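Following: one structure in structure tokens, then a few remarks.
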Amino acid sequence: MARLAPGRGPRPAVSCRPRPPAPRRGPPAAALLEAPVSAQDVQVDAPEAAAPAALDAAAQLHRVRHSLAHVLAQAVLELRPGSTLGFGPPIDDGFYYDFIIKGDPITDADFPAIEAAMKKFLTKGTLPFEREELAAADALARIAGMNEPYKAEYARELIEKKGLDTLTFYKTGPFLDMCDGPHVESSRELRKAGFKLKSVAGAYWRGNSNNAMMTRLYAWCFASKEELDAHVTAWREAQERDHKKLGKELDIFVIDEDIGKGLPLWLPNGTVLRDELEKLAKELEFKRGYHRVATPHLTKVGLYYQTGHMPYYESHMYPIMELKETVEGPDGKTQQVREAYCLKPMNCPHHHKIFASRKRSYRDLPLRFAEYGQCYRFEDSGALSGLLRVRGMCMNDAHIYCTEDQIHAEFLSVMDLHRDLYDILGLSNYYMRFSTWDPEDPKGAAKYVNDPEAWEKSQHLVRQAMIDSGLPFKEVKGEAAFYGPKIDVQFRTVTGREETASTNQLDFAVPARLGLEYTGADNQGHRPYVIHRAPLGTHERFIAFLIEHYGGAFPTWLAPVQVRLLTVSDRFDEYAHNIVNDLRQRHMIRAEVDLSSDRVQKKIRSAAVEKVPNVLIIGEKEVENGTVTLRRYGVEQQETLSAAAFTDRIVRSVQARSRSLLD
RNA sequence: GCCGAGAUAGCUCAGUCGGUAGAGCAGCUGAUUCGUAAUCAGCAGGUCGUGGGUUCAAGUCCCAUUCUCGGCUCCA
């Protein structure tokens, strides 16, 4: 279903010749978006055959986390008597527990007291975690006596809807919890674990906003104190890469409340990033036979009723604007005419209209329209976050109109385009998610176009293309767009959140709703398929990923300032200016001279703080010999070379979009 | 949207029990012309997010509001 995913469909390349592996420049792309702590990449393929010992350790850690969640619950109940429990599972880097807190809300000021209570429990003796299995009726009776309404609700569901005939309980000292386990045998096993409360947050019971709001306490937890410390340290370091922090420090964007939430202003440095990415994508698309188009930000809403988007999308759109106009009718009487407009939340219907703007032949297909389309979506205010979730966004959008026979090649070409882009950018910490429809989904017709045969066919086509592309992917039922299956590219942010960066969909439904057709060789009208694709997703989100990926230290081709020249004394400024003029005027290199009266040390520091990739030091020696002394960001070794040689190197590096300066 | 936390100079922050606002960096001015991550001095800069309220007195307390941040099924 149409969610807030960034882009719609991209289109395939004209010819999908195998692309040569992009030259590997520089180190092998350190994972861009390293997950902060437990960088557990999503397992796409079969989990590598882990040694039994490792599996045991993982299972034990799982039990330890789960058991400490009970200890946490116990501590909270001690501090806030009368509170009730929700779920308290182990998670990637620890565990959490949900509560309805009775009394004062829990804040992080309460953490020390909670941790102290947990530790007291762990040190005061050895208590077993006793498992007890009760038959359904007994279990329900027990739950009823526990004053745990949420546990009771879940117990009823397990028994009545899922047909379980027994439920299990775990008892630790006075604490009794309905829980599936498994748990440790005794609290002794928890003593050497390292844990630490991480945060407190609101969470709806069962994630549904119609349900009660609970208080969720998150904790980190690892097998040992050392592992915990290492994890927390890594997490803190990851926070330094946060795009919101770097975006401010490096003058990339600002969000000003007078402009509006979720509506970022792009500063000059950030605009360079956008421009360079656009240039890159335009080149790659051009080579694959895309045609560029442009469409307005505003549109009449009627279009969205025709496409069928309205029921799925209206809650994510800015309110509709009504224009009222008094016009004179043919009979001389005046009448009120109303036109309803909206800010477009997507580009697809507009591209479809371009397709429909003239009669199309099968000879025209595949036809690929691309645009950097500005769109507006009304995201929940609480969901907004830096550049990752915004209300105004620019999509690297394209739509490919093709026949059924062409889908395979076009989809492969789209995947090939992704591979190119990610290779150039050095992105590797992602996985592809193939989202299909779920015929059993209770929302059924409200969520998906009702055409089982088309679903089966289109899913088969996409799956086959993915397999042939050789890109690993994970299949997820029930996440498809309302009009067809999709392939999303999932990244993990520095804060550990998984987000969709790119999205590609096969659409078998909307073309019919807009009556799109082409004339076949048989002189009959035929319905095209549409592939929506957006390899770069939106500028906003993608640049947020890139900032975190590179930690703000962009490769030269992408860097807002590519070269900065520092003179040892202003006697050498003219020499520096000449070099800058040459770089800028003849080679379009973003070069500048630091004209401050600071000493060289300070200028070097400033350039380093701003993460300028290439710094040239100019002093007497350089001026005499016609050379420059090059310091590259993060590289200890500096070198002196002729100004011409440097120019040649940087120009080649930029042209090749190398991840480092070519040697 | 909902739960919680937060908002003080351009940035990062301090500000006690309520007594009329501070630092560092950045900026500006001057001096310094200097070879590899911070030269020195001076100046300027804040309606303490906004609006109400309590008080002799509010950055500090109360209410409302705006915005930001974290979180909102990794299920017993």
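Everything numeric here is computed off the predicted structure, so don't read it as measured data. Excluded from the calculations below are hydrogen atoms, water molecules and symmetry mates; all remaining heavy atoms, backbone and side chain alike, are included. The chains referred to below are lettered A, B, ... by the order of the sequence lines, with proteins before strands, and numbering in each begins at 1.
Looking at heavy-atom distances under 4.0 Å, A/F169 makes no contact with the nucleic acid at all. Here A/G386 lies in heavy-atom contact (under 4.0 Å) with sugar-phosphate atoms only.
For A/V568, whose side chain is taken as the heavy atoms from C-beta onward, the closest listed nucleotide among B/rU36, B/rU68, B/rC34 is B/rC34. The side chain of A/K602 has B/rA26 as its nearest neighbour among B/rA76, B/rG1, B/rA26.
The base of B/rG1 sits with one of its N or O atoms less than 3.5 Å from a complementary donor or acceptor on the side chain of A/Y204. Judged by distance alone with a 3.5 Å cut-off, a donor-acceptor contact links the side chain of A/Q638 to the base of B/rU36. For B/rG1, the base has no donor-acceptor partner in the side chain of A/E379 [N/O atoms by modelled type, under 3.5 angstrom]. Donor-acceptor pairing under 3.5 Å, judged by distance alone, is absent between the side chain of A/R599 and the base of B/rU39.
Between the CG atom of A/L250 and the P atom of B/rU12 there is a distance of 13 Å, rounded to whole Å.
Rounded to a whole angstrom, the distance from the P atom of B/rU66 to that of B/rG59 is 23 Å. If you take atom P in B/rA44 and the same atom in B/rG6, they sit 35 Å apart, rounded to whole Å.
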>> Would A/E592 and A/R564 count as a salt bridge (charged side-chain N to carboxylate O under 4.0 Å, His left out) here? Give the steps.
In response: CA-CA 5 Å; A/E592 63 185 27; A/R564 181 173 295 163; 2.8 Å; yes
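Within the 4.5 Å cutoff, the side chain of A/V568 has no heavy atoms near those of the A/I618 side chain.
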